[in-house]
Amino acid sequence: MPNFEHPEYPEATLLHLESMVPCRESQVSSLLSIFGERQHFSFPSIFIYGHTSCGKTYVMQTLLETLELPHVFVNCVECFTSRLLLEEILTQLQSLSSEKKHGSHVPCDTFNDFVRLFKQEIITQDLQNQTVYIVLDKAEQLREMEANVLPGFLRLQEMTDRNVTVIFLSEIVWELFRPNTGCLEPFTLYFSDYSIGNLQKILSHYHPPEYSADFYAAYINILLGVFYTVCRDLKELRHLAALNFTKYCEPVVRGEANERDTRRLWKNIESHLKKAMQTVYLREISSSQWERIQKDDGEPGHLKGLSAHAHVELPYYSKFLLIAAYLASYNPARTDKRFFLKHHGKIKKTNFLKKHEKTSNHLLGPKPFPLDRLLAILYSIVDNKVAPTANIFSQITSLVTLQLLTLVGHDDQLDGPKYKCTVSLDFIRAIAR
Amino acid sequence: KMVLAQVVYQGKNDSEDSGLRFATCQLLWKQINSETEKIQEELNKQLFDNLIHFLRQSHSELQTKKTEWMCRMKSSEIPTAALVLGVNVTDHDMTFKSLSEVLQDNVTPYVVSLQAKECPGIKHLLQKLMGQLMDCNVDVDSSEEEECVNISQKKIRCSMASLSKWYESVTKKTDSETPSKKRTSSSRHWQSPPIVVIFKDMESFTTKVLQDFIVISSQHIREFPLVLIFGIATSPMIIHRLLPHSVSSLLCIELFQSLSCKEHLATVIDKLLLTTQFPFKLSEKVLQVLINIFLYHDFSVQNFIKGFQLSIVEHFYSQPLSVLCCQLLEAKKRVNSLSHNQCENIRSLPSFRRYVESQVSEKQIALLTEDSFLKEVTQTLLEDLHIYHENYFTVLRCLHVFTTSLPKYPLGKQIRELHCACLGKSVWETEEYESAIQLLRMLAKDELVAILQKCAEIFISSSGKQFSNTVEKLEEFLARFQNLEETSEVQDVSVSSQKELQKTTDLYHLQKTLLALKESKRSKKLTKFEMLRFEVVDFIDSLVRSYLAPAEMQTLNEVVYFNTANTLREHLNAAPRIALHTALNNPYCYLKNQTLKSDVGCISNTAPDICIVYKLHLECGRLINLVDWLEAFSTVVTAVEGTDPDAVATDQVDEIIHARFIRAVSELELLGFIKPSKQKTDHVARLTWGGC
């Protein structure tokens, strides 16, 4: 007996659907009841939200495809202008029922055109008596398009006077969408995060054909034990599972353990997974490099991650410029006299103040400083005399392009540009050595 | 280049072979340039090979993943090469150019390079990307019909969907092409060539653009093989700084590091300067200027080579005798056809004068009066100079082998430092050399033997025949070291003394024997090995003294050595602030007008208005009262035009002077010395040198 009940569709289809969407049964059944029968008018717009990889896109796609509902699926990141978006929808609409895979290109500049063309297309495609679904994935991008696009889609059913439902998929809540001019409220539906049990169930669902489901489920259990605290992204977990599975199987392949010898298998894999968490998961080393290491059975120790190459070699004066910039960013200007003049007196007090100020200044982050101050500090920290040559100035500019310094408020060239130092204390320490 | 030609022609009158000099200069530069390109190619080869290997692998992995299950479970990441190139951004262009050439030749026709300033938004990025891709498609099969198609395609919206459609059509086309054509294309490129997108300056791209691009393309990665190359100037950490985890998890990043720029420079110096291949040489000071600019300012090998080029041009332009700065045989020929004028030029060379003075008087007269005799002598002197260089570089390398093995490197770690030390002055008179020799005398045996072997190799491979004796000597040393090993004598002395120690029982005697033992050790005769070591070091010392004499001591060195370091410094390490200050403060320096010559401190009235205004403003504080300034200006100016009592008495500034003042002030504003101030009416603010 299927969980889903619907007079429109045969039981076999519904059963199949259920097997395709584990842990999302309740959402699917409510969607099914909202959709109603093919010819029924549905909600004009449905807003579905939930965290990254909680199955929004996947569920929508499977649902629409298994039930063979006429639909259009668009990713809003990909169609970064409204024009691209509208044209993409029309093009997909064209290819809905016709044989050819790619519809011809339809120029469509405004939403008005879109409504007109959409109506035409519904008639030519002969879709008047069933609901057409338009799914807008990553709908948060819509907010950055023209102001009329989002309200327009919300009211598409009304404006076109056709049987159409627009479904928005987003990672953020509807409240952040609502335009201040007001609009038609969509029906909102929340996809909750998968629990650890759900993850276990979904991940074990697609087990490799060579191994039994139980064996793979045990593996997933270990994997989740290691990774669940840091990562709940299903996609990422699935990727990690695939990457490390061969290592897990190794004892079995070699004949040292059988599939039920969980303890031995766990011993074999646990440290390996922990290493993976520090390297592959953070993208310190790439997955293909990880696989290669596994294949060679080598230690990942010799392969240094991206962060290991943090040291940057700089020309002599660039180093001093950067140090000067750092000092200017984190020391208040009034202390300059005390730090950089030869005869300042009051050493005792200075030391005390320095300590006190340093901590607070590092919490506050870098402050902007004018070019002149940078150069003045530079002159005082470099031992020999520095001529203010063109090279020094171009070095400042190249430090800006390297993102080690940033230019703050560059509206007035004559006013003396202001900079900020963006590197960390560790970086400066490495440079100053 | 035409301008250059004119410049050289005008440089000195034509009796000084300016045409020939120009031709020589050009030829020389052409050779050097091709040499540098060759060096670059060789240095990059390793990196490029690695990259191509990476591309090949990432590609094949995309095509055939092990099992279908793996394929489905693993998220498809975009293969990405993080290419760390170092902070010498000026060199990168060259590297990327050759990289895309190499890739286009060996891997794929679809190579796109993007620069941050061209891509402020994702739209521009895609436009640029597609534009470059469609163009390179035309390159592959340039039939007119397709070009039309491409043009219409350009009008198509720039979306990834159309890109993947385009890719599909292109690969299909190459598959269905005539066999002959297919063979040519598939021999160079792979079956379905990847699209390589190079981000030249990763640091400058905005986060949004990069993120969007990666997210979009990751959705199409299964439709066409895309490979990204990030050009990184600082450190690969920047990837994590620019991209959040959700985006960087879409990438499969591998790290590649190019050769460090210092190593690159070392190779360039080795191949261009420490060789007799090119007749042109740099003097110590010039080389120091170029190296300092490199180390202190930009790390750019390109700039170093440009500076080298400038010194070549400058040398051929300013030195009439540079006509002889070519290969020895050719130079000898050219000596014969020198004009009288040029002979006089030779006679006036300081090094030649020194040479003449050292000759007997008859010969002196002949040298100074007979052109033909002079030419004869010049030929032999040129040959001597050539031989000097041959020996110099060989011995230099040999000495370098020694000095690099010393702790703390008293003579420098790099051969360029040693070269500079030897070029400038007699190196054996310096303290550093002294300490180096001291340290050499303490080398261990196996080290010494290894060094000697290396030296022998250097001498054998050198072209000079005059080193056959040296090689023999070195081999003899080596043989003797070998013998030492075989007949390592038992140190009887120490054994016996030890026995004595055991014999003595009372404290007094023990102390005495110990003291005696210590004494004997101090004055002990040197062991055979130590003797030999002394001999070796002395031998090296003698080599240095005879062959590493500074270049300035060589007769006719001015012909091949460029030594006006000041000119070069002015050109390459310009100081705009100082130049501007000099121009305004002391206009004579640039205008060369005698009336402008004036004492420091006083304000000349004949100077251009802007100079007067500038000098007056130097005396002011941060805010300058315009009225006072005008008053001072008019006082200075009217002082020139003779004392006109009426004008002063009226207390009214002449309109023309007023206009001149306004113009001068606005010129100063344009130059960035002052700006209008809102703090006080009728005041302007100084922008330079604080003006407290």
Residue pair B:Lys262 / A:Glu313: nearest heavy atoms and the distance that separates them: NZ-OE2, 3.1 Å
Heavy-atom proximity to chain B below 4.5 Å, by part of A:Phe393: side chain
Top contributor to chain A contacts, counting heavy-atom pairs under 4.5 Å, from B:Leu572, B:Ile293, B:Ile253: B:Ile253
Min side-chain heavy-atom separation A:Leu402-B:Val89 under 4.5 Å: yes
Max heavy-atom pair count under 4.5 Å with chain B, selected residue of A:Asn75, A:Leu240, A:Leu399: A:Asn75
Pairwise side-chain contact, B:Val87 with A:Pro315, heavy-atom cut-off 4.5 Å (strictly under): yes
Gap separating the CG atom of B:Asp298 from the CG atom of A:Leu314, nearest 0.5 angstrom: 12.0 Å
Selection from B:Ile239, B:Asp212, B:Ile122 maximising heavy-atom pairs under 4.5 Å formed with chain A: B:Ile122
Minimal non-hydrogen separation, A:Ala390 against B:Pro576, with atom names: N-CD, 3.5 Å
Best-contacting candidate, B:Ser248, B:Ala233, B:Ser204, against chain A by heavy atom pairs under 4.5 angstrom: B:Ser248
Which atoms of B:Asn573 approach chain A - backbone, side chain, both or neither, heavy atom under 4.5 Å: both
Backbone N/O of A:Leu404 and side chain of B:Glu203: donor-acceptor pair under 3.5 Å: no
Aromatic plane relationship, B:His297 with A:Tyr317 - under 30° parallel, 30 to 60° tilted, over 60° perpendicular: tilted
Chain A contact via B:Leu295 - which portion, at a heavy-atom distance below 4.5 Å: backbone
Pairs of heavy atoms under 4.5 Å with chain B: top-ranked of A:Thr401, A:Leu321, A:Val77: A:Val77
Which portion of A:Ser318 sits near chain B, non-hydrogen atoms under 4.5 angstrom: both
Spacing of OG1 belonging to B:Thr234 relative to CD belonging to A:Gln403, to within rounding of 0.5 Å: 8.5 Å
A:Gln395, part contacting chain B, at a heavy-atom distance under 4.5 Å: side chain
No-hydrogen, no-angle side-chain donor-acceptor test under 3.5 Å, B:His245 and A:Glu236: no
Contacting moiety of A:Lys138, where chain B heavy atoms sit under 4.5 Å: side chain
Straight-line distance of A:Leu84 CG to B:Leu126 CG, nearest 0.5 Å: 9.0 Å
